[in-house]
4 protein chains.
Amino acid sequence: MPKSETKPKSRTRSDKRNRIVDAAISVFARSGFHRARVSDIAAEAGIAYGLVYHYFKNKEEILNTIFEERWTGFLEAVENIADSPGSTEEKLVGITSMILGANRVNPEWVKVFVLEIQRSSRFAEPGQIRAVGRLFSAVARVLRDGQAKGEVRGDLDPDIACYIVVGGLETVVTGLVLDVIEIDSSQAESEYYSKVAATVVEIFLRGLAADSRDQ
Amino acid sequence: MPKSETKPKSRTRSDKRNRIVDAAISVFARSGFHRARVSDIAAEAGIAYGLVYHYFKNKEEILNTIFEERWTGFLEAVENIADSPGSTEEKLVGITSMILGANRVNPEWVKVFVLEIQRSSRFAEPGQIRAVGRLFSAVARVLRDGQAKGEVRGDLDPDIACYIVVGGLETVVTGLVLDVIEIDSSQAESEYYSKVAATVVEIFLRGLAADSRDQ
Amino acid sequence: MPKSETKPKSRTRSDKRNRIVDAAISVFARSGFHRARVSDIAAEAGIAYGLVYHYFKNKEEILNTIFEERWTGFLEAVENIADSPGSTEEKLVGITSMILGANRVNPEWVKVFVLEIQRSSRFAEPGQIRAVGRLFSAVARVLRDGQAKGEVRGDLDPDIACYIVVGGLETVVTGLVLDVIEIDSSQAESEYYSKVAATVVEIFLRGLAADSRDQ
Amino acid sequence: MPKSETKPKSRTRSDKRNRIVDAAISVFARSGFHRARVSDIAAEAGIAYGLVYHYFKNKEEILNTIFEERWTGFLEAVENIADSPGSTEEKLVGITSMILGANRVNPEWVKVFVLEIQRSSRFAEPGQIRAVGRLFSAVARVLRDGQAKGEVRGDLDPDIACYIVVGGLETVVTGLVLDVIEIDSSQAESEYYSKVAATVVEIFLRGLAADSRDQ
DNA sequence: CATGAATGAGAATTCATTCAT
DNA sequence: GATGAATGAATTCTCATTCAT
């Protein structure tokens with residue numbers, strides 16, 4: 001066989017697979033999971049659509065893969081922060097920055113996670129609810145630790161409060177994802193994100209009320 | 001003959017139409033918009049397949065109708081509270097209670113709104129983004145008014161803060177909708193809702209930090 | 001019965017019925033039989049569409065009615081000409097004028113006949129083929145009579161020739177119906193029709209060849 | 001194992017596509033475009049339902065394809081004759097024979113063209129009206145050239161006369177297609193066609209009138 | 001590994017027709 | 001006669017998934 005070209009045909013295996021996952025993220029972000037066609041994903045990845053079925057059992061498994069492979073890494077980073085020795089405020093700032101940062105670096109990924117994975121029945125499925133639940137748990141743990149250290153009020157239920165923190169953050173992110181929160185063009189984007197992060201944590205920690213600090 | 005009770009028959013003309021909308025809410029809540037079949041809705045409503053198309057142009061229009069006819073009423077109630085003469089705290093408690101209450105009275109409606117309408121392309125459509133935006137705006141107005149009255153810190157941007165408030169609330173509601181927030185069986189459900197409402201408003205106003213009050 | 005108003009409620013019966021037929025002609029001309037909805041016809045007639053089924057068994061029967069009630073009258077007029085004592089040329093001019101005239105007076109009717117009734121399987125249905133056939137037969141009779149009188153060449157088969165005459169005419173009419181034959185704006189419409197009629201008969205009688213007359 | 005004869009399998013890639021087109025012609029000829037179901041076409045072609053949509057966007061596109069792919073070839077043959085150096089009579093005989101011959105060789109194709117494509121809105125669509133118009137134009141050109149050469153009377157408008165020629169021919173073809181023109185069983189079919197062709201051209205050139213030649 | 005032709009279950013939608021009022 | 005709500009069969013079209021090459 002004269003097929004001895006020097007083409008770098010190595011790591012072909014996971015190369016294509018990753019391209020499929022990346023393409024799926026783009027397409028899911030653009031069209032949503034249900035509207036996305038497997039052929040769209042293949043076209044975006046530049047491969048034949050039959051190949052998708054070499055790497056994935058079906059369309060749903062792509063979504064699961066996005067979730068498991070990418071979310072898990074993200075989650076571990078969050079849990080690292082949650083279980084670090086810092087103060088509650090430091091931890092919340094860290095988690096908030098991480099989430100907002102993810103949105104800046106890879107908004108499509110966040111969009112898919114926020115709009116597709118979390119929703120639908122998947123949210124309620126054991127495997128994933130546990131995975132999503134880990135985020136809530138991490139935040140709840142931060143709060144509980146804070147209570148133990150006297151940094152967080154003891155009269156609040158951390159298992160409820162964590163929903164407020166994660167949900168508040170998520171909606172801000174959603175607003176950014178959907179371009180509903182308008183970014184003042186007079187300020188650099190990165191500055192705006194800093195401002196948002198500061199606002200978010202400030203509200204969670206010190207609250208909206210004027211008297212809470214002034215008294 | 002006990003036939004005298006089966007008699008009323010078609011009374012309000014839009015009797016069937018309402019039954020379709022109600023059925024759609026149930027089915028959408030159960031299966032999600034995409035998975036829901038028109039035939040499911042018809043079966044749930046106890047009417048024939050084609051009648052759905054007598055009243056609605058297509059499946060999507062049912063979703064829009066749910067949104068327009070029911071969300072608008074809800075929104076007006078929220079705006080009434082926002083524009084009432086009460087204190088910021090009273091208003092936030094009012095709005096929070098209203099949202100949590102809606103979830104208690106008609107959880108399917110909230111589920112459809114939270115999981116279906118808000119998502120999909122609809123969230124981004126002018127008409128509806130504006131309608132959804134009205135909720136955010138109403139909360140932002142409450143905060144701005146509070147700033148003017150000195151009840152809310154002046155150093156926070158209400159247009160960002162409103163996302164945190166609405167989002168925090170929404171996620172709590174979602175948690176309740178999806179039964180992820182477990183309700184301690186030792187307490188009555190209604191008591192639990194009160195506790196949740198109090199916690200939510202407390203966090204938004206006074207924050208999580210212990211020192212914010214103690215100092 | 002106190003219903004003694006002086007409203008001219010007489011001939012109501014066929015009044016509505018005729019309105020349905022007229023409306024159907026318009027709608028069929030506009031959309032074609034298959035695309036035409038019964039509700040379109042009812043709307044055009046200004047009545048409830050259930051009423052259509054009072055007067056007609058189904059949609060097809062409306063088409064048949066148009067055919068039978070209107071075509072028959074037209075056909076009798078043609079047959080009258082065919083069986084009149086005039087010369088062959090006079091008869092052909094008469095028939096041609098009648099067809100072109102019908103198109104001027106009621107183009108929708110002609111359009112429906114040309115495009116809908118004659119086509120489709122109906123052309124082949126016994127009842128109608130006979131009725132359509134009567135037109136061909138009438139023309140064939142004119143030609144046969146002409147042969148007997150020595151006005152028409154005896155070497156032509158009238159049963160084939162009649163197709164050429166009717167078909168040539170019909171296509172001219174179709175061209176007019178579809179506005180494919182453009183009418184020179186410099187001449188009045190009525191003059192144009194006269195010119196067309198003259199051309200048609202002239203061709204049928206004397207042919208296209210220059211030498212046929214010149215010799 | 002007798003499997004060696006079932007082997008050929010997919011050869012030309014567009015093998016199936018052509019089978020769909022051929023099947024569609026048969027089904028359209030049998031049932032008409034509107035009555036024809038896509039499933040009928042698939043069954044006739046011996047392929048799966050969905051494959052039709054692999055090759056064609058929708059049912060209408062099949063009709064368009066029949067038109068474009070087959071009509072164009074036919075048209076070019078007609079135009080070749082029209083633009084050849086022969087006499088007017090030779091050209092008309094050539095075109096007539098071509099049309100009658102097409103009907104003998106592939107009556108279904110002619111039937112679909114005559115009954116389906118030409119009708120419906122298609123006749124009025126720019127692209128196709130132009131294509132159909134090319135047939136009329138070709139005949140008009142033959143007549144105009146004949147006038148220039150003194151073979152055709154100069155007092156006739158070729159733009160009207162061409163409708164008569166094409167239309168006369170078409171109706172004869174339609175009569176044959178629909179078996180309304182009965183073929184005398186005493187003569188061979190091919191002879192009959194010759195007779196029809198001769199009659200048609202004879203009428204167009206020399207006309208029906210006895211005196212046109214006798215004088 | 002790759003390809004994309006082939007399959008067919010599913011779902012939406014249309015609309016002629018019936019029927020209770 | 002008149003109305004239009006109600007019915008549901010019929011069809012088109014989509015697209016995930018399989019499979020032969």
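Both backbone and side-chain heavy atoms feed into the values below; hydrogens, waters and symmetry mates do not. Numbers restart at 1 for each chain; the letters A, B, ... are given by sequence-line order, proteins then strands.
Across D:E44 and D:A23, no two heavy atoms sit closer than the pair CG-CB, 3.5 Å. When all heavy atoms are compared, the tightest approach of C:I41 to C:I20 is CG2-O, 3.8 Å.
Residue D:F56 contributes atom CZ, which lies 18 Å from atom C1' of F:dT14 at whole-angstrom precision. In this structure, the NE2 atom of D:H54 is 13 Å from the C1' atom of F:dC19, given to the nearest Å. Nucleotide E:dT7 holds its P atom 12 Å from the OH atom of A:Y49, rounded to whole Å. Between the CD atom of A:E60 and the C1' atom of F:dT17 there is a distance of 14 Å, given to the nearest Å. Remark: P of F:dT17 and OH of A:Y55 are 18 Å apart, rounded to the nearest angstrom. When rounded to the nearest whole Å, the span between CZ of B:R17 and C1' of F:dA5 equals 14 Å. Straight-line distance from the NZ atom of C:K59 to the C1' atom of F:dA10: 14 Å, rounded to whole Å. Between the P atom of E:dT17 and the CD atom of C:E61 lies a distance of 10 Å, rounded to the nearest Å.
Phosphate contact (OP1/OP2 of E:dA6, side-chain N/O of D:K16, threshold under 4.0 Å): present.
With distances taken from any side-chain atom of C:Y53 to the nucleotides E:dT18, F:dT7, E:dA5, the minimum falls on E:dT18. Considering only the side chain of B:L51, F:dT7 comes nearest among F:dT18, F:dT7, E:dT3.
Listed by residue number, the members of residues 37-44 of chain B with any heavy atom below 4.0 angstrom from DNA chain E are B:R37, B:V38.
A:K16 forms no cation-pi arrangement with A:Y55, by the criterion of a distance under 6.0 Å to the ring centre and an angle within 45° of the ring axis.
When atom types are taken as modelled, the side chain of D:E61 and the backbone of D:K57 share a donor-acceptor pair closer than 3.5 angstrom.
In terms of position on DNA chain E, the residue among C:G50 and A:A48 whose nearest nucleotide sits closer to the 5' end is A:A48. In this structure, B:G46 and D:A36 both approach DNA chain F, and ranking their closest nucleotides by distance from the 5' end singles out B:G46. Take the nearest nucleotide of DNA chain F for A:F33 and for D:N58: the residue whose nucleotide is more 5' is D:N58.
Under 4.0 Å is where a charged nitrogen must lie from a carboxylate oxygen, and between B:R70 and B:D22 at least one such pair does.
Under the 4.5 Å side-chain criterion, counting only non-hydrogen atoms from C-beta, B:E108 is not in contact with B:F28. The closest side-chain heavy-atom distance from D:W71 to D:W109 is below 4.5 Å.
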